[in-house]
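Written out below as structure tokens is the structure these notes cover.
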Amino acid sequence: RTTYPSVHLCITATGPFKRRSPEDVHSHAPSFQSCSLRRKRGVGPQAQAKMAAAKPTPTDSLSFCLAQLTAAAVEGPGGGKDSAANEAPLSRALLALRTRHVKAAGDIERFRARGGLRPLLALLRRTAAVAAGPAPPPAGPGPAPSPATSTGAAGSTPSSGPAPPAATSAPARLRRTLDLALSVLANCCTEGACRTEVRRLGGILPLVSILQCVRTDSIQNRTARALGNLAMEAESCGDIHRAGAVPLLVEILTASQDSQCLQSVVRALRNLADSPQHRLALAQQGAVRPLAELLATTSDPALTSALARALLELSRGCSRACAEQLSLGGGLGPLVSLATHPKRTVRDAAILTLANLCAQGLVRPALGNAGGVEVLLSELRRRRGPGGAGPVSQQALVRAVCLLCREAINRARLRDAGGLELLMSLLRDPRAEAFHPRVVAALVGFLYDTGALGRLQALGLVPLLAGQLSGEVGEEEEEGHEAASCDFPEEPTPVPTEAGSFRSLRSWLISEGYAVASLRRTSGRTEELWGREGPALLLLSRFSQAPDPSGALVTGPALQGLLGYVTGAPGPPNPRALRILARLTCNPACLEAFVRSYGAALIRAWLVLGVAPDDWRASKPPRARAGDRKHRELGEMLLQNLTVQAESPFGVGALTHLLLSGTPEDRVACALTLPFICRKPALWRRLLLDQGGLRLLLTALSRPAPHPLFLFFAADSLSCLRSLISPSVDSAQPPVDSSPTSPCLYGQLLGPTPSLVPDLHFLLDSGLRLPAIRASAADASPFFRAMLSGGFAEAHLSLVPLRGLSPGAAWPILHHLHGCRGCGASLQPIPPPGQPLLGSEAEAALEAAGRFLLPGLEEELEEAVGSVHLGPCGPPEAVGEVFRLGGTRLAARCAHWTLGPGRSPQARATALAGLVEAVGEEGGPLTEALLGAVMGMKGRL
């Protein structure tokens, strides 16, 4: 190259001699003038390099680079007379594009907007066709030069000896061009709009062709990187699969030794696993086994991380092919080892891959042998700890642990590693409610493991299972038939269609002999119905078969769960639940537990009376339902079973021991339960009447309730006992005729022209004067006899004051003093039903009748109160208020109303609750009143 002061001529890549601008000449090579100036000024090489870098060059212009790219795309690389000269500006342009013009998102967008993708793809098509020839062999016996060196500065050439650059073969130069072009394309494909444009321009097939034809590691690396970026779009991912890129990528995995190339291929396969169909296609084309083999052999941390992430994606919704290849490739052990990797992303990827593999029964035993059970339990325990994440992050691990319970070998490992306690903590956690059906189904695997069942019972499994019966059962993801236990062969017949997600669970249970198929008639055989509550009932049934299941099943929560399921099932309840209840009531070892837990009273209330525990305070009677008759028959059958046990010699001894020597709570529970399960008069009379069981129960009413439903049970028990003692006594109150039955005598003193002239007037606090006859008032009451005929001043007064008496309360007193009986005056101070009695005129009248020594009036007023507020249609809430008015007769009437026939169970319980609240801690009057009502003692009602 020669430089002249005014004219610059140089040999360029486009011709032998061409006039160039001084800037172009300086941008390519230093001139003699610049060298002489540098020598004169004494500028060093480093300073000169900085000065050269600061000078503008043609490659700084995107237009120049696009022009070179377009020209090469039209003519093709090597299309000129001097292919080496033609390639130099193209290489510089590609290098500038890669290092300057497509580095950031804005640069890539500008490159795409200027139309750079079309010539770039055209260049790739032309270059790939030419560069597909065989690569030159290495010059010496050493390893081939790394193709990565070809991606350096433009004009650099890998050499195996002292040969000059001009001696480099044409395919090698074209490979360098291809390498740079692929690098530019891969950078562009990091932007979404570019990925769409490349797909529109048909850029996927050329990349696959390059992958197939060119066997250079660096080019395969760039191509895999570009395909991996393109696979981030769903449409492009499908096109890559259809173009046949997967087998080529798999082949590179087995043939390449370059770590960077392998990482790009692994990433591309990971991005290609974007859907279940694509993951299955990858597994069927053998993409998983090479990944597993690489994971087992590599020591490169970056490659290990890439492999772990790729296996996680490929194992989502793990197919049989994926599990088989990963196991055959020896990937289980390395995955377990990576569970303790210091890098969190690698650790989480390995653990979740193991969790995904649990979906395939064929690899679960091998996974357990590799230590996967302990790894998954440890991770789930960590995530459930104080610093762990929420239930969403635990879903895959919970599913994996539950699936591990399907094989006996893994169940043993899980039990020894504390898995039972972890599963029980999930059942207790309300935040993990979505996992409860799956956990219960997993525990069915321990059905015949006596040690595990004992541990589960001690951890409180039975109440939790009962809660599962009465609660809502959530939906779970359906498992495929591949998830069935490998301890048993697959079913020979296809699984029948069934709604819900428990189809495969039922299939597994049927295969293990735990259940039978859905209701259908085949060969004259009716098979049992299987529902979502099946796993819980299966475990409860297993617990009920123990010699003494009372400690687990005959408890309040367990019985409420079973009875709630039987009465609340939308269809016919599972017969297994009925058999559990029958088995418990027929077991003599459960009799005392039924008494202590108020189980017999609960059975009678819920099944026979149709009153659920939450409904006993309802004011309206329970609404009749379609299954009430069957429930009543079931309840009577269960109570009859308990009666057989109670009246046996063993039962008599057990009940007598409880009543006489038990704790105070047991004695009260025994006295309350006896009327339900004892039908022999000699037995219940001896225990309740002779040995004080009835009085013990009545005394307990004024104490703190030992059971939430104690008052409901007590009211029902006392009513049953009353019918046993006096079955012919009918305490139903006849309708009271409130119309006057005798003429009003006091009316003769009233009016403007009375027929009898009063000789006395009573003066009330309000100033009202009420006429009276002195002799009649003195004869009716000792109080008025002493006041009006004795030595008091009132005996000489014609206007006698009556202090503390209202007009409404004085009215029935004046009528009574003048001989009125049944004239209706006693009804006037009584408020109508629904209005309070305390503080009313009726209370004042009763108080005045007692103060003035008028027992006949007291009885008449009490009769009036009872007729109005304790009638057949009276509200049960009024019983307590009536009792608060005081008086033995009113107390007895309240007791008879409470225990009498014709009352609903809720009304009877509400009335008894009102009586207990009214009496407070002093329960003597209530005890005597209830005792008289039970024994059938009648007062004047």
Side-chain angles (χ1 to χ4, degrees), residues 204-205 207-212 215 217 220-234 236-298 300 302-335 338 346 349-350 352-357 359-360 362-363 366-367 482:
I204 293 177
L205 283 176
L207 292 176
V208 176
S209 299
I210 294 172
L211 205 63
Q212 182 178 11
R215 301 298 180 178
D217 283 341
Q220 289 178 336
N221 176 24
R222 309 292 189 192
T223 308
R225 178 169 172 259
L227 289 173
N229 291 340
L230 286 170
M232 296 171 67
E233 300 287 339
S236 299
C237 185
D239 291 347
I240 294 172
H241 274 274
R242 286 187 289 271
V246 173
L248 302 175
L249 293 172
V250 173
E251 183 181 356
I252 296 174
L253 281 180
T254 59
S256 178
Q257 299 295 324
D258 184 73
S259 177
Q260 291 294 330
C261 180
L262 290 174
Q263 291 179 46
S264 298
V265 172
V266 170
R267 176 178 174 271
L269 291 173
R270 172 168 61 86
N271 290 345
L272 287 171
D274 65 331
S275 67
Q277 296 80 8
H278 289 163
R279 286 192 287 270
L280 180 60
L282 287 168
Q284 291 174 346
Q285 295 177 76
V288 180
R289 182 166 184 173
L291 294 174
E293 292 173 347
L294 272 177
L295 185 67
T297 57
T298 187
D300 186 350
L303 182 56
T304 299
S305 177
L307 289 167
R309 296 178 63 191
L311 288 174
L312 173 60
E313 290 299 323
L314 287 166
S315 64
R316 295 188 189 277
C318 187
S319 62
R320 185 184 185 94
C322 175
E324 286 179 344
Q325 292 182 41
L326 203 150
S327 178
L328 293 175
L332 295 179
L335 285 173
L338 290 178
V346 178
L352 291 179
T353 303
L354 293 174
N356 294 338
L357 288 172
Q360 292 296 326
L362 62 97
V363 298
L367 191 147
E482 297 92 350

NZ/NE/NH1/NH2 to OD/OE distance under 4.0 Å, E293 and R289 =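 Looking at R289 together with E293, the answer is yes, because their closest N to O distance falls below 4.0 Å.
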Can we say R267 and E313 salt-bridge, meaning some charged N sits less than 4.0 Å from an Asp/Glu carboxylate O?
->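 Result for this pair is no, no salt bridge flagged.
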Looking at every non-hydrogen atom in both residues, tell me the closest pair between [X] and [Y] and how far apart they are.
{"X": "V208", "Y": "A243", "value": "CG1-O, 3.6 Å"}
{"X": "A296", "Y": "G329", "value": "CB-O, 4.4 Å"}
{"X": "C322", "Y": "A283", "value": "N-CB, 3.8 Å"}
{"X": "G286", "Y": "V250", "value": "O-CG1, 3.6 Å"}

Exam field: side chain Q220 to backbone C261, donor-acceptor pair closer than 3.5 Å |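 It does not hold such a pair.
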Side chains of [X] and [Y], heavy atoms from C-beta outward: is any pair under 4.5 Å?
{"X": "L272", "Y": "L249", "answer": "yes"}
{"X": "L207", "Y": "L230", "answer": "yes"}
{"X": "V265", "Y": "S256", "answer": "no"}
{"X": "I204", "Y": "R242", "answer": "no"}
{"X": "E251", "Y": "L248", "answer": "yes"}
{"X": "N271", "Y": "L227", "answer": "no"}
{"X": "L335", "Y": "L357", "answer": "yes"}
{"X": "L314", "Y": "N356", "answer": "no"}

So L269 and L282, side chain to side chain contact (heavy atoms under 4.5 Å, CB included) or not? Walk me through it.
-> CA-CA 8 Å; L269 291 173; L282 287 168; 3.9 Å; yes
Mind checking salt bridge (Lys or Arg N to Asp or Glu O under 4.0 Å) for D274 and listing every partner two or more places apart, or none if nothing turns up?
->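 Not a single residue meets the salt bridge (Lys or Arg N to Asp or Glu O under 4.0 Å) criterion with D274.
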With sequence neighbours left out, what residues match R270 under salt bridge (Lys or Arg N to Asp or Glu O under 4.0 Å)?
->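 Testing R270 for salt bridge (Lys or Arg N to Asp or Glu O under 4.0 Å), a comparison that skips the adjacent residues, returns none.
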Starting at [atom1] of [X], measure out to [atom2] of [Y] and round the result to the nearest 0.5 Å.
{"X": "R279", "Y": "S315", "atom1": "CZ", "atom2": "OG", "result": "8.5 Å"}
{"X": "R215", "Y": "L211", "atom1": "CZ", "atom2": "CG", "result": "8.0 Å"}
{"X": "L291", "Y": "T298", "atom1": "CG", "atom2": "OG1", "result": "12.0 Å"}
{"X": "R320", "Y": "L280", "atom1": "CZ", "atom2": "CG", "result": "13.0 Å"}
{"X": "E324", "Y": "C318", "atom1": "CD", "atom2": "SG", "result": "10.0 Å"}

Applying side chain to side chain contact (heavy atoms under 4.5 Å, CB included), run through L253 and L294 and close with a yes or a no.
-> CA-CA 8 Å; L253 281 180; L294 272 177; 3.7 Å; yes
Would Q260 and S264 count as having a side-chain donor-acceptor pair, cut-off 3.5 Å?
->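 No pair is found: no donor N or O on one side chain lies under 3.5 Å from an acceptor on the other.
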For the side-chain contact (heavy atoms from CB on, under 4.5 Å) test, which of T353, L307, V346 pairs with L338?
->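 Answer to the side-chain contact (heavy atoms from CB on, under 4.5 Å) test with L338 among T353, L307, V346: V346.
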Please list all pairs passing the ring pair (Phe, Tyr, Trp, His ring centres under 6.0 Å) test where one or both residues lie in residues 246-297, with sequence neighbours left out.
->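 Applying ring pair (Phe, Tyr, Trp, His ring centres under 6.0 Å) to every pair that reaches into residues 246-297, excluding sequence neighbours, yields H241-H278.
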